[in-house]
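Report on the structure given below.
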Protein chains: 2
Amino acid sequence: MAKAERIRIYDVARVAGVSVATASKALNDTGRMTEQTRERVKQTAAALGFRPNAMARALTQQRSFTIGLLTNDTYGRFTLPVMAGVAEALVDQGVSVFLCGIEDDAALGQIHVDAMRDKQVDGIIAAGKRIDRRLPVDLSNLAIPVVYVFTEGPEDAITLVSDDEQGAREAVEWLVQLGRKRVVHITGPASFASVAAREAAYRDVVGAGAQVLNGPWSEAWGHEAVARLWDGAGPHPDGIFCGNDQIARGVVDALRERGVDVPVDVSVVGFDNWEIVAAATRPPLSTVDMNLKEMGREAGRLILQLAEGKAVSAGIRKLPCKLLVRQSCGSALRASHSNGEARLGI
Amino acid sequence: MAKAERIRIYDVARVAGVSVATASKALNDTGRMTEQTRERVKQTAAALGFRPNAMARALTQQRSFTIGLLTNDTYGRFTLPVMAGVAEALVDQGVSVFLCGIEDDAALGQIHVDAMRDKQVDGIIAAGKRIDRRLPVDLSNLAIPVVYVFTEGPEDAITLVSDDEQGAREAVEWLVQLGRKRVVHITGPASFASVAAREAAYRDVVGAGAQVLNGPWSEAWGHEAVARLWDGAGPHPDGIFCGNDQIARGVVDALRERGVDVPVDVSVVGFDNWEIVAAATRPPLSTVDMNLKEMGREAGRLILQLAEGKAVSAGIRKLPCKLLVRQSCGSALRASHSNGEARLGI
DNA sequence: CAACGTTGATAAAACGGTTTCTCAAGCATC
DNA sequence: GATGCTTGAGAAACCGTTTTATCAACGTTG
């Protein structure tokens, strides 16, 4: 039952009674011919189930309708949503995506980059998990367009990152508007650029009395930070802005174990909107969503433009984050409901 | 600085002073010629940095050195490790992987399958998240080899799944060997085939006194199940085998909140080894690892053989699981340490 | 020395499309 | 009626490889 032979344009031309050249032009809406001929060829092709061989087409057109997605984010925390967005933006154009995970292995990275070049990809999207770290490959003079997402690129690169400062600002302002007077910031290692950006926004909003605790990106650190805050002297916080959802979950769990009510006594907001963590926290975590999928879509659009030869201005583009309000920061007067979750527009 | 022109085999031939045909054969180790000529061509190619155009090559060879990975597992819980294994098995052979996420959208699936056909993929790996559900696409008469991983395929398909029964058996036997007398099973919805398989193994090991609680695959269900067991009449369990890590985490959290000590009073084992959940649980969760990466490697090997025209016997292949002992089931006499974790061989 | 294998290398034909060039026919213009 | 322009279509070149068929040169053999 399997169809062994694929239909070639040669077959279409023969059946439609035209030359191969005419058939090609008819199907691609190029060249000149009577509308009647064009239509006849198209119908013949459809009837025969003709699909052009992408390899042959790529050979002449110098376009493979293929792009490479290079990433060192094996676990997929950041890359998967990005990937989904990229694919979504490109599938309509018939562009497929090579996924290449390279860990932090420069040699493996080179292998994949070489493979991409051999396969004539129209562009490469380099995606990472830190905006202040580079992938272990050099893509700078490649004759192929490159877009950097969530990773550091060369000076004159086209780079997409989330607007950490804006996202953090929204989160902290939300806590303040809820009436919280003592908001502290429990976050990751100070060496991360995003930690600095979020901290800066936090400090800017709360002004005097800011307190920042740095530690690892783990639930355990959330527990420990709560211990420090509650076991130490001085008044306890009534609002906690966490650097990511894992820390936030640790914080919420620790507070519950101490009998501190979230969100009645303390409001907690996370960062990342990692569903598996944020949604399973009790109560579900309000958090800042980085719109990774939209970043992927934008990356897809950009790489497509570049592949088509259009110019795209270089530089770093910060895409806005969105505060996602769940139950961990208290009943919010301003929250408008949708799908059981309240979203605060950007 | 960017190299505009790519080196073609034509250039290599000219510089080496041979014909294109000879150059091709020299580089592919085919044909006949003096070893001297072959070496000269190879060195010329290396010096010029020649890399063959994969499109052109695919056109003649009828092999694109490309495979498609089709999946409906958007979150990547199952697919990402599989993907990593597939890529690992294929990268040496110069084979690249198209990743195509299709949710449960049949139309989208068809688009991706068509795109793969157009791009002449040498094979398709269909990966899912349930062994008893099919992807919403028909790959049965495609003239392209297909391997099914963690999803249901046609009767005569080549299918890879984890050996749930064996994994569950190891987990429950481990609990029994630790001296646990009342082991219950808290698991997912009975409609899942893997739930049935794990339950069967559990019942087989514990014999009379088996108790199974079905619910959703969530932490919340873990909490609720513990409430039922501890608030109800009768003796409390001293061992709990959970259907997945999320349930297990809910169970462990619930027990801690009740003051029940894990692992002193109760031993808990999960299933899946979803690191983000299992490792963050306090104490870290013993769990059954499904060896997804190895499944991916095996899928890669199989699709490669099929692409090369070799025959592969059809049928369902169950790959063994591995019990991963952490701290949630108590000090294990038999546990041998490695990397701070004890692994029990299969 | 004629017939015959081998050997090393090349010319040319694929592969399946796209694109450029050429050309005959039809028609308007002067 | 000769000239020129437009239109519709096809022949052929091309993209960059691989592969097949061909062939000259060179022993070997009878």
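Convention: sequence-line order gives letters A, B, ...; per-chain numbering from 1.
Taking for each of B:Gly17 and B:Gln62 the nucleotide of DNA chain C with the nearest heavy atom, the 5'-most of the two is the partner of B:Gly17.
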Could you please spell out the steps behind the side chain to side chain contact (heavy atoms under 4.5 Å, CB included) verdict for A:Leu304 and A:Arg301?
CA-CA 5 Å; A:Leu304 207 58; A:Arg301 283 183 220 118; 5.6 Å; no

Take B:Asp29 and B:Arg38, measure what salt bridge (Lys or Arg N to Asp or Glu O under 4.0 Å) needs, and give me the verdict at the end.
CA-CA 8 Å; B:Asp29 282 324; B:Arg38 197 182 290 283; 3.8 Å; yes

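Taking 4.5 Å as the limit, some side-chain heavy atom of A:Ile67 sits within range of a side-chain heavy atom of A:Leu90. You'll find the side chain of A:Phe98 stays beyond 4.5 Å of the side chain of A:His112, heavy atoms only.
B:Phe50 places its CZ atom 11 Å from the P atom of D:dG16, with the value rounded to the nearest Å. Taking atom CD of residue B:Glu35 and atom P of nucleotide C:dA9, one finds them 11 Å apart after rounding to whole Å. Straight-line distance from the CE atom of B:Met33 to the P atom of D:dA24: 20 Å, rounded to whole Å. Rounded to whole angstrom, the span from the CG atom of A:Asp29 across to the P atom of D:dG8 amounts to 15 Å. What separates CD of B:Gln61 from C1' of D:dT20 is a distance of 15 Å, to the nearest Å. Rounding to whole angstrom units, CZ of residue B:Arg14 and P of C:dT10 are separated by 15 Å. Across the protein-nucleic acid pair, B:Arg32 atom CZ and D:dA25 atom C1' stand 13 Å apart, rounded to whole Å. B:Met55 places its CE atom 14 Å from the P atom of D:dT18, with the value rounded to the nearest Å.
Residue B:Asn28 has its side chain nearest to D:dT18 when only C:dT18, D:dT18, C:dA11 are considered. The side chain of A:Ile9 approaches C:dG17 more closely than any other nucleotide in the set C:dG16, D:dG10, C:dG17.
In this structure, B:Ser19 does not reach the C:dA11 phosphate: none of its side-chain N or O atoms is under 4.0 Å from OP1 or OP2. Between B:Thr60 and C:dA14 there is no side-chain polar atom (N or O) within less than 4.0 angstrom of OP1 or OP2. Side-chain nitrogen and oxygen atoms of B:Thr37 include at least one within less than 4.0 Å of the OP1 or OP2 phosphate oxygen of C:dA9. Put simply, B:Arg57 has a side-chain N or O that comes within less than 4.0 Å of OP1 or OP2 on D:dT18. Between B:Asn53 and D:dC15 there is no side-chain N or O to OP1 or OP2 distance below 4.0 Å. At the phosphate of C:dT18, OP1 or OP2 sits under 4.0 Å from a side-chain N or O atom of A:Ser24.
Judged as a side-chain hydrogen bond (donor to acceptor under 3.5 Å, both in side chains), and not counting sequence neighbours, B:Arg32 has no contacts.
Using a 4.0 Å heavy-atom criterion, one finds that A:Val18 contacts the sugar-phosphate atoms exclusively. Here B:Thr34 lies in heavy-atom contact (under 4.0 Å) with sugar-phosphate atoms only. Using a 4.0 Å heavy-atom distance criterion, B:Thr30 is classed as making no nucleic acid contact.
A salt bridge does not link B:Asp114 to B:Lys119: none of the charged side-chain nitrogens sits closer than 4.0 Å to a carboxylate oxygen.
Contact of B:Lys25 with C:dT10 (side chain to base): a donor-acceptor pair of N or O atoms is detected under 3.5 Å. Counting atom types as modelled, A:Arg8 pairs no side-chain N or O with a base atom of C:dG16 as donor and acceptor under 3.5 Å.
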